[in-house]
Number of protein chains: 2
Amino acid sequence: MSKSLLELTPVEAVACCSPVTREPLTAEAAERIAPLVKAIADPVRLRLLSLVASHADGEACVCDLGDAFDLSQPTISHHLKLLHEAGLLDRDKRGVWVYYRVNTAALGDLATLLGGVTA
Amino acid sequence: MSKSLLELTPVEAVACCSPVTREPLTAEAAERIAPLVKAIADPVRLRLLSLVASHADGEACVCDLGDAFDLSQPTISHHLKLLHEAGLLDRDKRGVWVYYRVNTAALGDLATLLGGVTA
DNA sequence: CTGAGACATAGATGAACTTCGATGTATGAG
DNA sequence: CTCATACATCGAAGTTCATCTATGTCTCAG
């Protein structure tokens with residue numbers, strides 16, 4: 001979190017904003033938030049996120065994830081990259097393996113933003 | 001809510017499922033949920049949702065919404081249709097005007113699903 | 001009935017996205 | 001050093017998506 005305000009990640013940008021239902025989103029805010037939502041707007045990425053989150057120790061290596069899908073390894077790698085770039089998954093390379101972990105704060109921010117009702 | 005289990009709307013399907021972070025989503029669940037997320041994975045639709053939600057009386061007619069965007073009327077109509085089909089906006093035609101209202105339960109379900117952390 | 005206004009639908013176009021096979025990179029074993 | 005393994009990157013192919021213009025439908029006023 002050593003970034004200036006001008007280089008906020010999507011996740012950080014979301015965290016600062018009011019829930020969608022309270023006041024109109026500015027065009028700029030919507031442009032920052034949409035990519036984050038888009039990152040989870042895919043069945044494969046939803047399952048990847050879910051698999052990582054519910055995995056033992058809260059992390060999973062790519063080798064564990066690929067088996068659940070009928071997709072090629074590069075495709076899984078691609079989806080993991082998108083989730084990582086959105087700030088929803090953290091990467092940790094240990095030896096030959098790469099472990100992914102859910103950024104729970106990011107998911108929470110997103111949920112809060114959408115659920116102005118329940119917040 | 002007079003539908004059988006086999007003709008659930010996306011919104012109803014979401015409402016029945018566990019948060020993403022608790023247990024792995026099945027492929028089928030992910031396929032049902034993703035379209036709902038995709039419906040709000042666009043800056044224009046995020047703003048539309050936000051505009052309707054924060055409008056006086058909780059509803060807004062199309063004529064109120066179009067002015068906020070630099071887009072053609074059919075494009076706005078298209079986005080409203082997607083949000084309506086996803087179950088996030090309710091329609092009500094009164095005379096010549098069509099009023100949209102946010103389905104807060106649907107938004108809440110979505111937020112709950114994503115925010116397994118905060119739920 | 002006729003015309004105008006509000007909104008939806010239809011078809012077309014260009015951009016973005018998902019997926020793949022092929023290839024590249026890095027780590028560790030022998 | 002050499003090779004196998006784990007994962008990422010790189011185009012390419014097919015599909016989906018956002019947007020537009022043109023047109024259709026519905027409602028009300030006159």
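In what follows, every chain begins at residue 1, and chains take the letters A, B, ... in the order their sequences are listed. Just so you know, these numbers use all the heavy atoms, side chains as well, and skip hydrogens, waters and symmetry mates.
Between the CZ atom of B/Phe69 and the C1' atom of D/dA18 there is a distance of 14 Å, given to the nearest Å. At whole-Å resolution of the value, CG in B/Leu89 and P in C/dA8 are 11 Å apart. Here D/dC17 presents its C1' atom at 17 Å from CD1 of B/Ile40, a figure rounded to the nearest Å. A straight line from CG of B/Asp67 to C1' of C/dA6 spans 13 Å, rounded to a whole angstrom.
When each of D/dT19, D/dA8, C/dA8 is scored by its nearest atom to the side-chain atoms of A/Gln73, the top-ranked nucleotide is D/dA8. Of the candidates D/dT21, C/dA6, C/dG21, the closest approach to any side-chain atom of B/Val96 belongs to C/dA6. Comparing atom distances between the B/Ser77 side chain and each of D/dA8, C/dA8, C/dT18 picks out C/dA8 as nearest. Side chain of B/Pro74, nearest nucleotide from C/dC7, D/dA8, D/dT21: D/dT21. Checking D/dC26, D/dT19, D/dA8 against every side-chain atom of B/His78, the shortest atom distance belongs to D/dT19.
Backbone-only engagement by B/Arg45 is indicated by non-hydrogen atom pairs under 4.0 Å involving sugar-phosphate atoms exclusively. Looking at heavy-atom distances under 4.0 Å, A/Arg94 makes no contact with the nucleic acid at all. A/Leu71 comes within 4.0 angstrom of sugar-phosphate atoms only, judged by non-hydrogen atoms across all strands, and of no base. Contacts of B/Tyr99 with the nucleic acid, taken as non-hydrogen atoms under 4.0 Å apart, are absent.
Judged by distance alone, the side chain of A/Ser54 and the main-chain N or O of A/Ser50 form a donor-acceptor pair under 3.5 Å.
Of the inter-residue distances, the one linking A/Leu89 atom CG with A/Asn103 atom CG reads 8.5 Å to the nearest 0.5 angstrom.
Map A/Lys93 and B/Thr75 each onto its nearest nucleotide of DNA chain C; the residue landing nearer the 5' end is B/Thr75.
The shortest distance between the side-chain N/O atoms of B/Tyr100 and the OP1/OP2 oxygens of C/dA6 is not below 4.0 Å.
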